[in-house]
Every structure is written in C-alpha cells, then in structure tokens.
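What follows is a set of notes on a single structure, which appears directly below.
Residue numbering restarts at 1 for every chain, and letters A, B, ... go by the order of the sequence lines. As the structure is a prediction and not an experimental result, all values here were calculated from the model.
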Protein chains: 2
Amino acid sequence: MNNGTNSQLLKGSLSVVILRLLEEREKMYGYEITQKVKELTAGEMAITEGALYPALHKLEAEGLLTTEIQVVDGRARKYYSLTKDGHREAVSRVSELTAFLQNLQTILNVGFKPAL
Amino acid sequence: MNNGTNSQLLKGSLSVVILRLLEEREKMYGYEITQKVKELTAGEMAITEGALYPALHKLEAEGLLTTEIQVVDGRARKYYSLTKDGHREAVSRVSELTAFLQNLQTILNVGFKPAL
DNA sequence: AATTATACCTAAGACTCGTAGGTATATAAA
DNA sequence: TTTATATACCTACGAGTCTTAGGTATAATT
C-alpha cells in the first residue's frame, strides 16, 4: 500500500483491505482490486502488485480465499472469493482494525479539545 | 504496538505516536510513553519495549529527538524532547498518517450507506 | 525473601512491503 | 507499422518494523 510520499506506512492493513472488498463484491481479480483502491481513494492510495499477489496467495494458502480462472477478451483473470472461514476472518479482522484505528485516533488527538 | 490478539497490525505508526505525544508534553521518557499509551487507550493498546527503544534511538539518530538523563528516586530516566526538525516532522507525519487513516476508513466503509 | 513496578537495553527471527524485474495480450497512438 | 499504454499475472531481493525473549538494575510492596 502506497500513500504517495510515505510508502512505509501501516503495514498489516493490506490483507484486511482485500477481505473487506471481497465482502462486498463476491469475487474480484487482482488487477481489479488495485483499481478499486485507487478509485475509492481518489488516486491517493495505490496497492503495489509486489505486495498484492503474495498477499492473495497467502490468504488462499490459509484457506480464506478460493480461486477460479476465467479468460476474458483473450486475457486470463484469476478471480478470488471468500471461503466460509474467509467470511469469518473478514468480519473479525475488520472489527479488530477498526478498534485499532479508533485507539490510534485517540492518541493522535491528544490535547485536542473539541468545541462543545 | 500490540492490540491484544492481533499483534502484527499497522507497523509504521509507532514513530508517529511518539512524535505526537512529544508535541503535547515537552519531554517524556520511554517508560512514561508506554504508560501513556495504555492510559489513552484504556489498556487496549500496548507498546512493547523491544519496539519502543529502537524506535526512540532511531528518531534520535535522525536528529528529531534529543535526550537528557535525570535520576529520580534512584532510577535513571532518559528524557526525550523534540528538536526543531522533530517538530516539523511531527506535524508532517501526523497529517500524512491522518490522510492515510481517512483513506483506510473509506475502504473499510465500502458499501456502507449512512442514514440521511 | 520474593514479587511487582519502575526503567533502561539488545539480538534474533518473523513478517510485510516496495522495488525491480519478468511474461503476455489487446488497444490506442504515432 | 511500430510503439506505447492498459490489462493481467507473477517472483526475488532487500529494507524496514515489529514481537519474542532475553538481560541489567533499583525501589516498593507483599
């Protein structure tokens, strides 16, 4: 995951992003995921393929994703879908990450007094 | 940084947390930082010392922090403060991280329709 | 006397990620 | 026609960050 200038930020969130997107879309292929992230963040965030594909392979090896290859317009696409375990993990990891982000926000807002 | 069950989450935020806390407190020592994070997150988040001290040393080596040793109650404390560069970096990195978190939230909220 | 809290530190390994490559097809531009 | 861009997959290497698991030492508590 790449956020413009600072590229070494927030390791560990990529797999959660993948699982979260697949909760909404039934099945997606790698390239589609990269485009979806760009679209959602107005080009501010980009997933590199060197990170994405190993992450997808790992999730598949862990039994959270299954694959299915389709040829569209002469090009092979490898579609990924959540397994049952993948669904469970998606819910679990998203709520974990959300809790973490809230704690992080709390720390970043130290000393900030909101208007009443 | 440790978030209970999931310990391998969001690498890269520790240095920003350190810089942010030091923006508010003038000077802090390592142990104090670990306690402050626990306090702010109601015990949900804990910084491990094996991550904290190397991170502090690196920030010092980068010229963002300076140190000052004081003995209190027979125990030596190593106080860290922001340098001028440290202040600049704190502002810069906090806004970077905030932008990143917003993008991450957007992705996690895919498909979520807020009530109008 | 033993444990807990305070306070610092490091080494080894795990893990994630970016960079930089590689392969191949389809479409668009030059 | 040739070149570039978009699509679509992949891996190896190295950089960086973290956890685990130790170590040292003093003060306070049990």
Handout entry: T48(B) side-chain N/O to dT19(D) phosphate OP1/OP2 under 4.0 Å
Key = yes
Problem - Presence of K58(A) side-chain N/O under 4.0 Å of dC15(C) phosphate oxygens OP1/OP2 - result: no
Problem - OH on Y29(B) to CD1 on I69(B), rounded to 0.5 Å - result: 14.0 Å
Exercise for the section: Mind calculating the distance between CD1 (I47(A)) and C1' (dT16(C)) to the nearest angstrom? Expected result: 13 Å
Exercise for the section: Indicate if V91(A) and L59(A) have the same hydrophobic cluster label, given that clusters are the connected sets of ILVMFWY residues with side-chain heavy-atom separations under 4.5 angstrom. Expected result: no
Problem - Derivation and outcome, side-chain contact (heavy atoms from CB on, under 4.5 Å), residues L64(B) and H87(B) - result: CA-CA 8 Å; L64(B) 306 181; H87(B) 270 291; over 6 Å; no
Exercise for the section: Round to a whole Å and report the spacing from CE of M45(B) to C1' of dT19(D). Expected result: 15 Å
Practice task
State plainly whether the residues R77(B) and E32(B) are in salt-bridge range, i.e. N to O under 4.0 Å.
Solution key: no
Problem - Footprint string (nucleotides 8-14 of chain D, 5' to 3'): B base within contact, S backbone only, - free, heavy atoms under 4.0 Å - result: SBBB---
Practice task
Send over the distance from I33(A) CD1 to dC17(C) P, rounded to a whole Å.
Solution key: 13 Å
Practice task
Kindly assign one of parallel, tilted or perpendicular to the pair Y80(A) and H57(A), based on the angle between their ring planes and the thresholds 30° and 60°.
Solution key: tilted
Exercise for the section: Could you tell me the separation between the CD atom of Q70(B) and the C1' atom of dT6(C), rounded to a whole number of Å? Expected result: 16 Å
Exercise for the section: Please determine if E96(A) and R93(A) form a salt bridge, counting it only when a charged side-chain N lies under 4.0 Å from a carboxylate O. Expected result: no
Exercise for the section: Name the residue closer to the 5' end of DNA chain C, choosing between L52(A) and G74(A) according to the nucleotide with the nearest heavy atom. Expected result: L52(A)
